[in-house]
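Positions are given from 1 along the sequence. Note that the structure is predicted; figures quoted are calculated from it, not measured. Just follow the structure's listing: the first ligand is 1, and inside any ligand the first atom is 1.
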Amino acid sequence: GEQIIVKDFADKLRKNPNEIIMKLIQMGIMAAINQEIDFEAANKIALEYEIEIHKKEEERVEEVDVYIAKDEAKDLRSRPPVVTVMGHVDHGKTSLLDAIRKTKVTEREAGGITQHIGASEVEIDKKKIVFLDTPGHEAFTAMRARGAKVTDIAILVVAADDGVMPQTIEAINHAKAAKVPVIVAINKIDKPGANPDRVKQELADHGMIIEEYGGEVIAVPVSALKGENIDNLLEMILLVAEMEELKANPNREAIGVVIEAKLDKGRGPVATVLIQNGTLRVGDSVVVGNTSGRVRAMINDKSRNVSVAKPSTAIEITGLSEVPDAGDQLLAVDDDRTARDIVANRINRIKEAQLKASQKISLDALYQQM
Ligand code: GTP
Ligand code: MG
C-alpha cells in the first residue's frame, strides 16, 4: 500500500511530529520521525483531527504521465524533415516560405490557395519537407526552454545587402544550442547592393564556415522575390535530411508538440500540432500540457480534413477542453478518463508547488518582520 514518512505527514497536517508519534504509540505503532507509516494508520490519525486525506491518484496514472515507451529499431521508419526558417527582421523569411510554397504547392493545387496553419508541406520528387512558419525566435526559445525539439533543420536567412545582423547571430546561437544543422539562404541576391561574399565572410567571423571556405555549412544564394534558386535550396534540405537519418515509429500512440494555439469562436480551442512520433487519429484521447480532450477533427496545411496524421505531419486539431500553450506536448492515451486523470494530477502538482512557494514567501515576510 501507500506509505508516508511521519515527518512529511505531520507537515501536511501542520502538526508537531511528536504529537503524531504519540498518537501512533497510542495506536500501538512504534514509528520514528523518519519512518514510514501506511495509509490506514495515517487516515486514522487524520480523522482524529477531522482532516480528510486521500490516496494519491492511481499509480497507473502517475506512470502514464511520465512513461513514453522507447521504440525498437525494427519499428522505426524514415520520416520527412521538419524545417524552420530563422533570421534577422526583414531579411525575407516570410518571402522565402512564400516562394517555396509558390514553386511547389500552387503549381499543383487548383486555385492555389493554401491556408496557413502555421506549417506547410512541400513535396519534391515524392519526398516531403515540413516547414514551420511560426517559430520565430521567441517561440523557438520558449519551446527550447520546455525541452521541445521541434525542428530538424534550420534555414538561416541572411539578406545579401544587409549581412549578418544581431538576430542573425541570435539564430546561429539558437541553432547551435539546439544542435540543429543549419543551411544558410543568402537572400535578396537580385538587389543591386547584394554582396554574398561579404555575408560568407561575416558568417565565418561567427564560427559558421561555409563549404567554399573549407567548412561544413551549406550556403545557397537565393532570391525569394524572383523565385531564383529555390529548387536548389530545397535539394540541399533533402540532402541534409538524408544525412540526419530521421526516423519515427508510425505504429504507436502519437507524441507531438503544439506549434500554436488559439480560441476559435465557432470551433473552440484550436491547436496546430506537429506529430513527432506515432500516429494521431480522429477520436483519439489526448493530453496536451494541462488540458485534455478527444480529437474531434484534424485539418492539414491544405485545409483538408484528415483522419490520420503520421510522424512529421502538422495538423490543426479541435476537441481540446482548453487552449494549450505553444511548446506543450501532446500525448495520445488509452481513453478520456486517463487523459483527464493525468491533467488533474498535473494541475494538482502545480497547485502544490504554488502553495509551497506562497508559504515560503509568507514565512520570509514573517522573518523580516521579526
Ligand atoms: P519579419 O517577419 O518582419 O522579420 O520579416 P521577414 O524576414 O519575414 O521578411 P519579409 O519576407 O517580410 O521581407 C521583407 C522585405 O524584403 C519585403 O519588402 C520583401 O518584399 C523584401 N524581400 C524579401 N526577399 C527579397 C528578395 O529576394 N529580393 C528583394 N529585392 N526583396 C526581397
Ligand atoms: Mg516574416
Undergrad: If the condition is salt bridge (Lys or Arg N to Asp or Glu O under 4.0 Å), which residues does Lys247 pass it with, not counting sequence neighbours?
TA: none
Undergrad: Could you please tell me which protein N, O or S atoms lie under 2.8 Å from the Mg ion (ligand 2)?
TA: Thr94 OG1
Undergrad: Taking atom CG as the centre, does Asn16 end up with more than 12 heavy-atom neighbours from other residues, nucleotides or ligands that are less than 6.0 angstrom away?
TA: yes
Undergrad: Does this structure show an ion pair linking Arg77 with Asp71, if we count only N-O contacts that are shorter than 4.0 Å?
TA: no
Undergrad: Indicate whether the side chain of Asn187 and that of His91 have a donor and an acceptor atom separated by less than 3.5 Å.
TA: no
Undergrad: Determine which pairs satisfy salt bridge (charged side-chain N to carboxylate O under 4.0 Å, His left out) with at least one residue from residues 17-33, sequence neighbours left out, and list them in order.
TA: Lys23-Glu48
Undergrad: Does the pair Asp336/Arg294 count as a salt bridge with the N-to-O cut at 4.0 Å?
TA: yes
Undergrad: Scan Thr151, Thr84, Val82, Ile237 and name whichever one has a side chain to side chain contact (heavy atoms under 4.5 Å, CB included) with Phe131.
TA: Ile237
Undergrad: So, Thr338 versus Asp335: side-chain donor-acceptor pair below 3.5 Å or not?
TA: yes
Undergrad: Quick one: do Asp284 and Arg281 make a salt bridge, cutoff under 4.0 Å?
TA: no
Undergrad: As a test of reading the model: which residues have a non-hydrogen atom less than 4.0 Å away from ligand 1?
TA: His88, Val89, Asp90, His91, Gly92, Lys93, Thr94, Ser95, Asn187, Lys188, Asp190, Lys191, Ser223, Ala224, Leu225
